[in-house]
Chemist: 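One structure coming up, written as structure tokens, with questions to follow.
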Amino acid sequence: MKVRTRFAPSPTGYLHVGGARTALFCWLFARRHGGVFILRIEDTDRERSTQASVDAILDGMQWLALDYDEGPFYQSQRFDHYGAYVERLIDEGSAYHCYCTPQELEAMRTEQRARGVKPRYDGRCRARTGAPPAGIDPVVRFKNPVDGSVVIDDLIKGRIVISNDELDDLIIARPDGTPTYNFTVVVDDLEMDITHVIRGDDHVNNTPRQINIFNALGATPPKYAHVPMILGPDGQRLSKRHGAVGVMQFREDGYLPDALINYLVRLGWSHGDQEIFSRRELCELFDLSEVNRAASVFDTDKLNWLNQHYIKSTDTAMLAGLLEEQLTKRGVDVADGPDLGVLADVQRERAKTLVEMAEKSLFAFGDLNGYAEKAARKHLKPAAADGLRAVRERLAEIAAWRTEAIHEAVVETAEAVGIKLGKLAQPLRVAVTGSDMSPSIDATLLLVGRDRTLARIDAAITYIEAHGDPS
RNA sequence: GUCCCCAUCGUCUAGCCUGGCCUAGGACACCACCCUUUCAAGGUGGCGACACGGGUUCGAAUCCCGUUGGGGACGCCA
């Protein structure tokens with residue numbers, strides 16, 4: 001049978017990394033087996049579902065290049081399907097109307113908690129006879145089996161057995177007739193011929209209920225694979241307070257989609273000692289049997305390392321385009337500066353993110369925004385003035401503004417003036433970039449350009465003369 | 001509280017199923033050194049873990065039981 005997987009987020013917020021990893025595993029599993037990957041939007045809760053969230057999810061999927069073969073299907077547009085199944089279960093005696101009020105149920109639960117037992121519906125409406133109470137719109141409850149137990153042969157966790165007396169009669173339709181999650185999932189997984197349900201392991205407790213519904217419908221449940229959770233550094237479930245968790249936030253923060261994908265896939269899955277995987281490799285190698293059973297902690301350091309790896313191996317034109325986005329976002333006029341390809345190539349080894357790359361490249365555009373205080377104090381001293389004058393003169397004579405010529409000019413000036421290269425390069429670096437950290441001095445000058453370089457050296461000499469207190 | 005799941009370096013993990021090849025391997029981070037005009041990148045080396053207690057066995061990270069710890073679920077949310 002052809003593999004069919006689905007990713008079924010509820011649109012109540014952005015696509016977070018946990019969801020993204022689940023989607024990735026679903027996608028990979030489908031690709032690996034030449035199957036079909038379906039996107040289904042679980043928006044039966046109209047109170048909380050928003051179009052903005054749907055868009056955010058779609059954007060996230062697109063950015064990560066997790067393309068789906070079918071969908072997106074919206075549950076809110078499939079209410080008639082669910083209604084028919086509800087009717088059928090009622091007719092067959094597998095579901096019943098319940099007239100208990102929310103207050104009543106709440107009281108029941110508090111009482112049960114107080115007794116130290118698991119809060120669950122006691123089935124008081126199961127055998128209700130006589131006329132229905134007036135003025136109450138009933139919910140519909142599924143008649144969960146009373147005896148026996150449900151076995152889940154989870155593809156990741158192994159065999160899980162849950163006794164039916166741990167379960168209760170869950171609500172499958174609200175008073176207004178709208179269906180609830182555990183029911184729509186079953187109907188959709190059934191109607192969409194899903195063969196493998198791959199989802200977060202916060203759903204394992206729902207699985208036996210869903211299997212029971214499948215059984216009541218006379219259908220065979222799909223195979224289940226419950227992926228462990230992603231935790232924050234404090235061991236708690238990953239959430240907003242841990243920082244960036246929305247997929248699109250990672251884009252904002254300068255991460256490459258391939259880097260995030262690679263990071264996420266290794267979080268819980270491994271293939272021997274291999275760390276770097278191309279999408280192609282993943283599609284060939286991914287297997288649920290290699291997915292870890294334990295939860296894992298999200299580690300930004302490792303993501304950063306991977307991101308830099310991908311930055312280093314992205315082709316120049318692509319990287320230049322990405323850098324341009326970042327620069328433009330920062331209000332930089334990219335026309336007023338060096339070739340972005342050249343820039344990207346010198347910066348790719350010194351930035352973990354595109355954001356960092358852009359920030360470290362600002363010196364090559366527009367005017368200098370002052371000097372970093374410590375750097376100026378250390379390097380823009382009277383002792384450096386002669387070197388700067390000499391190198392300015394030598395630089396001004398260069399015919400073609402190229403790395404080699406610049407390099408030569410700097411090295412020769414240092415020799416001529418009789419100082420070590422560093423004694424010249426550092427003041428020059430501060431003069432030209434405002435900071436004592438930048439790419440190699442020849443590359444830096446190349447990026448800054450001849451006119452700016454000369455003007456900035458002049459400015460630095462003026463600065464030294466004004467502040468030159470030889471203490 | 002009840003039920004379910006989980007447990008190897010700080011973190012991600014290999015090894016576990018099919019005990020011996022494990023004085024437990026790799027990666028990130030960290031530290032040191034090398035390279036070096038700064039910052040990086042790169043190279044070399046180092047630090048660092050089988051949660052604990054029983055059992056089975058000639059032999060256990062690997063199998064079994066318990067303890068502890070962590071996570072999840074217990075909605076007319078999904």
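Because the structure is predicted, anything quoted here is derived from the model rather than measured. Basis for what follows: all heavy atoms, side chains included, without hydrogens, waters or symmetry-related copies. Every chain is numbered from 1 and lettered A, B, ... according to where its sequence line falls, protein lines coming before strand lines.
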Chemist: Hey, is A:Arg389 close enough to A:Glu393 for a salt bridge, meaning N to O under 4.0 Å?
Modeler: no

Chemist: Between A:Glu349 and A:Lys312, is there a salt bridge with N-O shorter than 4.0 Å?
Modeler: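 No, no charged N to carboxylate O under 4.0 Å.
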
Chemist: Assign A:Ser270 to base, sugar-phosphate, or nothing according to its heavy-atom contacts below 4.0 angstrom with the strands shown.
Modeler: sugar-phosphate

Chemist: When rounded to the nearest Å, what value does the distance between C1' atoms of B:A29 and B:C12 take?
Modeler: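 These two C1' atoms come out 11 Å apart once rounded.
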
Chemist: What contact category does A:Gly200 fall into here, base, sugar-phosphate, or nothing, at under 4.0 angstrom with non-hydrogen atoms?
Modeler: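 Answer is nothing: A:Gly200 stays at 4.0 Å or more from every strand.
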
Chemist: Does the side chain of A:Asn304 pick up a donor-acceptor pair with the side chain of A:Tyr255 at under 3.5 Å?
Modeler: yes

Chemist: Near RNA chain B, under 4.0 Å by heavy atom, which residues of residues 164-171 of chain A?
Modeler: A:Glu166, A:Ile171

Chemist: Please measure how far the C1' atom in B:U23 lies from the corresponding atom in B:C65, and state the result in whole Å.
Modeler: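 Going atom to atom, C1' in each nucleotide, I get 29 Å.
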
Chemist: Using a heavy-atom cut-off of under 4.0 Å over every strand shown, decide if A:Ser440 touches base, sugar-phosphate, or nothing.
Modeler: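 It contacts base atoms.
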
Chemist: Rounded to whole Å, how long is the line connecting atom CZ of A:Arg266 with atom C1' of B:G26?
Modeler: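 After rounding, the gap between these two atoms is 9 Å.
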
Chemist: Classify the side chain of A:Arg350 and the base of B:C39 as holding, or not holding, a donor-acceptor pair under 3.5 Å.
Modeler: yes

Chemist: For A:Ile276 and B:C12, what is the distance between atoms CD1 and P respectively, to the nearest whole Å?
Modeler: 18 Å

Chemist: Regarding A:Val139, tell me which of base, sugar-phosphate or nothing describes its non-hydrogen contacts under 4.0 Å with the strands shown.
Modeler: base

Chemist: What contact category does A:Lys352 fall into here, base, sugar-phosphate, or nothing, at under 4.0 angstrom with non-hydrogen atoms?
Modeler: sugar-phosphate

Chemist: Tell me what A:Gln308 touches on the nucleic acid: a base, only sugar-phosphate, or nothing, going by heavy atoms under 4.0 Å.
Modeler: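 Sugar-phosphate, no base atom in range.
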
Chemist: Any donor-acceptor pair under 3.5 Å between the side chain of A:Arg113 and the base of B:U2?
Modeler: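 Side chain to base: no pair present.
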
Chemist: Using a heavy-atom cut-off of under 4.0 Å over every strand shown, decide if A:His203 touches base, sugar-phosphate, or nothing.
Modeler: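 Base, at least one base heavy atom under 4.0 Å.
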
Chemist: Under a 4.0 Å N-O cut-off, is there an ion pair linking A:Asp169 with A:Arg126?
Modeler: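 Salt bridge: yes.
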
Chemist: Determine, using ring centers only, whether A:Phe183 and A:Tyr82 are less than 6.0 Å apart.
Modeler: no

Chemist: Closer than 4.0 angstrom, basic N to acidic O: yes or no for A:Arg109 and A:Asp122?
Modeler: no

Chemist: Scan A:Arg115 against the nucleic acid and name what it touches under 4.0 Å (heavy atoms): base, sugar-phosphate only, or nothing.
Modeler: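 No contact at all - A:Arg115 keeps every heavy atom at 4.0 Å or more from the nucleic acid.
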
Chemist: Taking ring pair (Phe, Tyr, Trp, His ring centres under 6.0 Å) as the definition, give me every residue that meets it alongside A:Tyr181, ordered by chain and number, with sequence neighbours left out.
Modeler: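 With neighbours one apart ignored, the set is A:His203.
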
Chemist: Do A:Glu275 and B:G26 have a side chain to base donor-acceptor pair shorter than 3.5 Å?
Modeler: yes

Chemist: Any ion pair linking A:Arg124 and A:Glu104 (charged N to carboxylate O, less than 4.0 Å)?
Modeler: yes

Chemist: Side-chain N or O of A:Arg109 versus OP1/OP2 of B:G75: is the shortest distance under 4.0 Å?
Modeler: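 Yes, within the criterion.
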
Chemist: Regarding A:Lys420, tell me which of base, sugar-phosphate or nothing describes its non-hydrogen contacts under 4.0 Å with the strands shown.
Modeler: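 The residue A:Lys420 makes no contact with any strand.
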
Chemist: Between A:Asp442 and A:Arg402, does at least one N-O distance fall below 4.0 Å, as a salt bridge requires?
Modeler: no

Chemist: Measuring only the P atom in each nucleotide, how far is B:C31 from B:U13? A whole number of Å is fine.
Modeler: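 Comparing P positions in B:C31 and B:U13 gives a spacing of 24 Å.
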
Chemist: So, for A:Phe25 and A:Phe286, is the gap between ring centers shorter than 6.0 Å?
Modeler: yes

Chemist: Tabulate atom names and distances for all N/O pairs under 3.5 angstrom spanning the protein and nucleotides 4-9 of chain B.
Modeler:
unit_1, atom_1, unit_2, atom_2, d
B:C5, O2', A:Lys157, NZ, 2.8

Chemist: For A:Asn369, does the CG atom sit with more than 12 other heavy atoms under 6.0 Å from it, leaving out its own atoms?
Modeler: no

Chemist: So which of residues 7-20 of chain A are in contact with RNA chain B, with a heavy-atom cut-off of under 4.0 Å?
Modeler: A:Ser10

Chemist: Checking only heavy atoms, does the side chain of A:Asp43 share a donor-acceptor pair with the base of B:A78 at less than 3.5 Å?
Modeler: no

Chemist: Are A:Arg199 and A:Tyr224 in a cation-pi contact, defined as NZ or CZ under 6.0 Å from the six-membered ring centre and within 45° of the axis?
Modeler: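 Relative to the ring axis of A:Tyr224, which defines the angle, A:Arg199 lies outside at least one limit.
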
Chemist: Describe the nucleic acid contact of A:Asp436 in one word from base, sugar-phosphate, nothing, applying a heavy-atom distance below 4.0 Å.
Modeler: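 Since a base atom lies under 4.0 Å of A:Asp436, the category is base.
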
Chemist: Looking at A:Glu275 and A:Lys302, is there a salt bridge between them, counting it only when a charged N and a carboxylate O are closer than 4.0 Å?
Modeler: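 Looking at A:Glu275 together with A:Lys302, the answer is yes, because their closest N to O distance falls below 4.0 Å.
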
Chemist: Could you give all pairs that pass the ring-ring contact (aromatic ring centres under 6.0 Å, His included) test and reach residues 341-365 of chain A, with sequence neighbours left out?
Modeler: none

Chemist: How would you label the contact of A:Pro439 with the nucleic acid (heavy atoms, under 4.0 Å): base, sugar-phosphate, or nothing?
Modeler: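 The residue A:Pro439 makes base contact.
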
Chemist: Less than 6.0 angstrom separating the ring centers of A:Tyr310 and A:Trp305, yes or no?
Modeler: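 That pair fails the under 6.0 Å test.
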
Chemist: In residues 148-156 of chain A, what residues come within less than 4.0 Å of RNA chain B, judged by heavy atoms?
Modeler: none

Chemist: In whole Å, measure the gap between the P atoms of B:U11 and B:C50 for me.
Modeler: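 It works out to 12 Å between them.
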
